[in-house]
There are 2 protein chains.
Amino acid sequence: MMLDFEDSQLPMRIAEVERDTGLAKETLRVWERRYQFPKPERDELGERLYPFTQVEQLRVIRRLLDNGFRPSKVLGKNLGQLHEMLDSINQSHLTHEQTVRCASLLKLLRLHRGAELRQALNHVFAREGLRRFIIETIAPLNKAVGDAWVRGELTIPEEHLYTEQVQNVLRHAIQNQQGVDDRPNILLTTFPDEAHQLGILMVEALCLAEGANCLSLGTRLPIADIAKYAQEGNFDVVALSFSGAYPSQVAVRDLNQFRERLDKNIELWAGGQALYRKEKRLHGIRVVSDLDHIQSLIKSWRDVRQVDTSRSVA
Amino acid sequence: MMLDFEDSQLPMRIAEVERDTGLAKETLRVWERRYQFPKPERDELGERLYPFTQVEQLRVIRRLLDNGFRPSKVLGKNLGQLHEMLDSINQSHLTHEQTVRCASLLKLLRLHRGAELRQALNHVFAREGLRRFIIETIAPLNKAVGDAWVRGELTIPEEHLYTEQVQNVLRHAIQNQQGVDDRPNILLTTFPDEAHQLGILMVEALCLAEGANCLSLGTRLPIADIAKYAQEGNFDVVALSFSGAYPSQVAVRDLNQFRERLDKNIELWAGGQALYRKEKRLHGIRVVSDLDHIQSLIKSWRDVRQVDTSRSVA
DNA sequence: TTAAATACATGTCCAGGACAAACAAGTGGA
DNA sequence: TCCACTTGTTTGTCCTGGACATGTATTTAA
């Protein structure tokens with residue numbers, strides 16, 4: 001309501017677009033050459049200046065590529081068509097209650113009520129317990145936030161605020177869950193090109209909630225180091241997470257290669273959007289199709305090993 | 001002690017080197033052209049393959065550049081000379097007790113005792129309180145871990161383990177400190193090219209410990225968004241963090257530009273290694289030269305405003 | 001000693017070519 | 001109907017070598 005036209009809509013340089021969209025500079029240039037999009041203006045030196053509208057469009061395109069579309073199918077389309085394509089994917093099956101809760105939490109986010117958002121999350125957590133909190137609230141909310149962002153209904157600061165608050169709540173929970181210390185010993189991380197943090201944080205919390213001894217090494221760990229660390233630390237399981245941004249073909253190749261390197265006695269669990277319907281191509285790897293699945297995976301590991309180390313005193 | 005020669009020492013492609021060292025592909029190529037280093041081998045296609053030793057050397061070079069050395073001074077030297085130069089910088093003044101404590105915590109790290117490391121951190125935290133814990137333990141430890149890493153005394157998984165555990169401890173503390181809610185209202189974040197997380201986490205915890213209402217938006221926030229968000233949210237202060245990896249010249253330019261954009265009524269605080277001895281060039285900006293300084297900054301803000309909203313009930 | 005002017009150092013951008021790996025579509029067999 | 005293989009196309013990443021603005025060092029003038 002003040003004097004802020006001309007705002008953040010300034011044209012961006014190619015390096016800024018790379019940071020914003022995650023598309024490599026080289027990719028942006030080669031798309032321009034091949035598909036005539038994006039078609040940035042040029043400054044007096046002939047360097048690219050991307051108008052805000054094109055960057056916006058690139059964000060949606062990125063999202064579509066992550067969902068399996070191919071460049072040739074999306075790089076001709078206009079923004080309206082792209083949004084239609086986006087809608088065609090979003091067929092998530094939420095209960096009415098979940099939809100309502102997501103909407104009210106999103107509203108807090110849009111109003112920049114960080115403290116209240118955190119309180120609300122903690123409240124749901126306290127009422128429903130860690131497991132249901134993550135599966136029924138955080139997971140759908142993550143998706144809702146991502147969707148709202150590409151739609152332009154959320155700003156970047158709002159998205160960051162969300163991530164920070166969820167991270168605080170989850171890490172707090174993780175600290176409190178420590179000390180259960182039963183097997184399996186699970187090593188949790190991601191491959192070097194996967195930077196998504198919330199995924200492994202949710203898995204870490206869920207594993208601890210099952211009483212498993214789960215250690216996270218964060219994101220972006222070199223593959224050779226994962227195998228070595230798991231072996232030296234006597235881990236029973238290595239668990240890896242792949243967001244939708246990870247090219248699924250690459251995920252399958254890397255995982256199968258990694259299975260070869262990894263000690264046969266260590267199980268390999270992998271999950272995330274990039275592995276949707278890829279079970280058949282992954283040999284000797286447990287695919288975690290769903291966060292809900294983790295509980296049964298841990299149970300079945302214990303059954304097979306007959307290591308009933310669970311609270312024998314209770 | 002098993003059959004693992006030939007291990008992670010495999011030559012790396014240019015994209016991997018970029019990820020590992022943080023040096024842009026373009027920079028690596030232009031260095032090769034101008035300084036004949038790094039001089040990677042080539043595969044059958046003529047594509048660069050960097051031997052492990054060169055990557056190791058690049059890591060040290062990166063560290064030296066972050067400390068103000070110029071490429072022409074370091075790109076001719078061999079690994080031994082580079083390490084000498086590194087030593088010449090590391091003149092940190094730690095007490096004997098701090099040195100001993102750092103060493104023992106580092107040892108836990110090298111032994112992969114994640115749980116014990118966290119326990120030890122929590123123990124120090126409980127005994128010394130949040131403020132002393134961060135300033136006298138976490139800050140020196142961060143530096144020790146960074147130094148050990150370029151020396152090759154720590155592996156990447158060990159460094160990740162450290163970051164994860166510290167993050168858990170700090171975020172746990174942050175959750176517990178919430179609810180003080182006095183002014184100043186501080187907005188905490190970093191510029192888009194700054195990805196270092198631990199810095200702002202420490203500052204966030206310290207501000208909350210002073211009873212200030214501090215909100216973190218994480219790292220890598222677009223500059224225009226920071227100004228807008230701070231204004232709309234009625235923040236008193238915007239605080240920004242700059243690690244040693246941020247080119248200090250760029251930091252100064254960006255900060256002064258940002259000061260222009262930001263509402264005059266909002267104070268701008270900035271700190272971190274990149275701003276060492278840059279106070280003179282920063283106009284209208286409070287330079288946080290030291291974590292210890294934050295306490296007095298908050299105090300003086302309250303004095304000036306005469307907003308003594310502090311615990312009047314206690 | 002400070003300040004302006006000059007020369008040098010350095011990172012980022014550009015164009016356009018090349019190629020392997022990923023993919024789509026078609027083919028043949030169980 | 002399903003799977004395994006072949007073939008042609010799509011697509012991202014890498015290459016070279018040139019250009020230039022901006023940041024840093026050095027000299028010159030006040």
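Just so we're clear, the structure is a prediction, and the values are computed from it rather than from any experiment. Numbers restart at 1 for each chain; the letters A, B, ... are given by sequence-line order, proteins then strands.
Residues passing the ring-ring contact (aromatic ring centres under 6.0 Å, His included) test with F69(B), sequence neighbours excluded: none. Partners of R151(A) according to the salt bridge (Lys or Arg N to Asp or Glu O under 4.0 Å) rule, which considers only residues two or more places apart in sequence or in another chain, are D87(A). Residues passing the side chain to side chain contact (heavy atoms under 4.5 Å, CB included) test with N67(A), sequence neighbours excluded: R63(A), I89(A), Q273(A). The side chain to side chain donor-acceptor pair (under 3.5 Å) check on T155(A) picks up E158(A), with sequence neighbours excluded. Listed by chain and number, the residues in a side chain to side chain donor-acceptor pair (under 3.5 Å) with R259(B) amount to none (sequence neighbours excluded). Remark: D43(A) pairs with R13(A), L45(A), E47(A), L49(A) by the side chain to side chain contact (heavy atoms under 4.5 Å, CB included) rule, at least two apart or across chains.
Whole-Å rounding puts the Y246(A) OH to dG12(D) P distance at 16 Å. The distance between atom CG of D43(B) and atom P of dC14(D), rounded to the nearest whole Å, is 11 Å. Note: CD (E26(A)) to P (dC14(D)) measures 6 Å, nearest angstrom. Taking atom CG on L65(B) and atom C1' on dG11(C), their separation rounds to 12 Å, with Å as the unit. Regarding D254(B), its CG atom lies at a distance of 13 Å from the C1' atom of dT22(D), rounded to whole Å. Atom pair K25(B):NZ and dC15(D):P shows a separation of 9 Å (rounding to whole Å applied). Atom CG of L28(B) is separated from atom P of dT12(C) by 11 Å (rounded to the nearest Å). One interatomic measurement links the two molecules: CG of L75(B) to P of dT10(C), which rounds to 8 Å at whole-angstrom precision.
The aromatic rings of F191(A) and F258(A) lie perpendicular to each other, with more than 60° between the two planes, well past the 30° mark.
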Pairs of donor and acceptor atoms involving the side chains of residues 30-37 of chain B, under 3.5 Å and at least two apart or interchain, shall be tabulated with distances.
unit_1	atom_1	unit_2	atom_2	d
E32(B)	OE1	R48(B)	NE	2.7
E32(B)	OE2	R42(B)	NH2	3.1
Q36(B)	NE2	R33(B)	O	3.2

What are the atom names and distances for every N/O pair under 3.5 Å that joins the protein to nucleotides 16-18 of chain D?
unit_1	atom_1	unit_2	atom_2	d
dT16(D)	OP1	R42(B)	NH1	3.3
dT16(D)	OP1	R42(B)	NH2	3.3
dT16(D)	OP2	R48(B)	NH1	3.0
dT16(D)	OP2	R48(B)	NH2	2.6
dG17(D)	N7	R33(B)	NH2	3.2
dG18(D)	N7	R33(B)	NH1	3.1
dG18(D)	O6	R33(B)	NH2	3.4

Pairs under 3.5 angstrom, nitrogen or oxygen only, protein versus nucleotides 19-24 of chain C, please.
unit_1	atom_1	unit_2	atom_2	d
dA22(C)	OP1	R253(A)	NE	3.0
dC23(C)	OP2	Q249(A)	OE1	2.4
dC23(C)	O3'	R70(A)	NH1	3.3

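Judged by distance alone, the side chains of E194(B) and T219(B) never bring a donor and an acceptor atom under 3.5 Å apart.
Of the possible polar contacts, one joining the T190(A) side chain to the R220(A) backbone as a donor-acceptor pair under 3.5 Å is found. The backbone N or O of P222(B) lies less than 3.5 Å from no partner atom in the side chain of D20(A), so there is not a single donor-acceptor pair. Side chain of E18(B) to main chain of E26(B): no donor-acceptor pair is present (N/O by atom type, distance under 3.5 Å, no hydrogens or angles). Checked by atom type and distance alone, the side chain of T189(B) pairs as donor or acceptor with a backbone atom of G218(B) at under 3.5 Å. Looking only at distances, a side-chain donor or acceptor of Q81(A) sits under 3.5 Å from a matching main-chain atom of N78(A).
At a non-hydrogen distance threshold of 4.0 Å, nothing from residues 53-63 of chain A comes into contact with DNA chain C. Contacts between residues 12-20 of chain A and DNA chain D, defined by a heavy-atom separation below 4.0 Å, involve no residue at all.
Side-chain nitrogen and oxygen atoms of S72(A) include at least one within less than 4.0 Å of the OP1 or OP2 phosphate oxygen of dT11(D). For the pair T27(A) and dT11(D), the criterion of a side-chain N or O lying under 4.0 Å from OP1 or OP2 is not met. Between Y35(A) and dT10(D) there is no side-chain polar atom (N or O) within less than 4.0 angstrom of OP1 or OP2.
Considering all non-hydrogen atoms of both residues, W149(B) and L154(B) come closest at CD1-O, 3.5 Å.
Residue-environment remark: CZ (R29(B)) exceeds the threshold of 12 foreign heavy atoms within 6.0 Å.
Comparing the end axes of the helix from dT1(C)-dA30(D) to dA30(C)-dT1(D), each fitted to five base pairs by superposing C1' atoms of four pairs onto the next four, gives an inter-axis angle of 30° (nearest 10 degrees).
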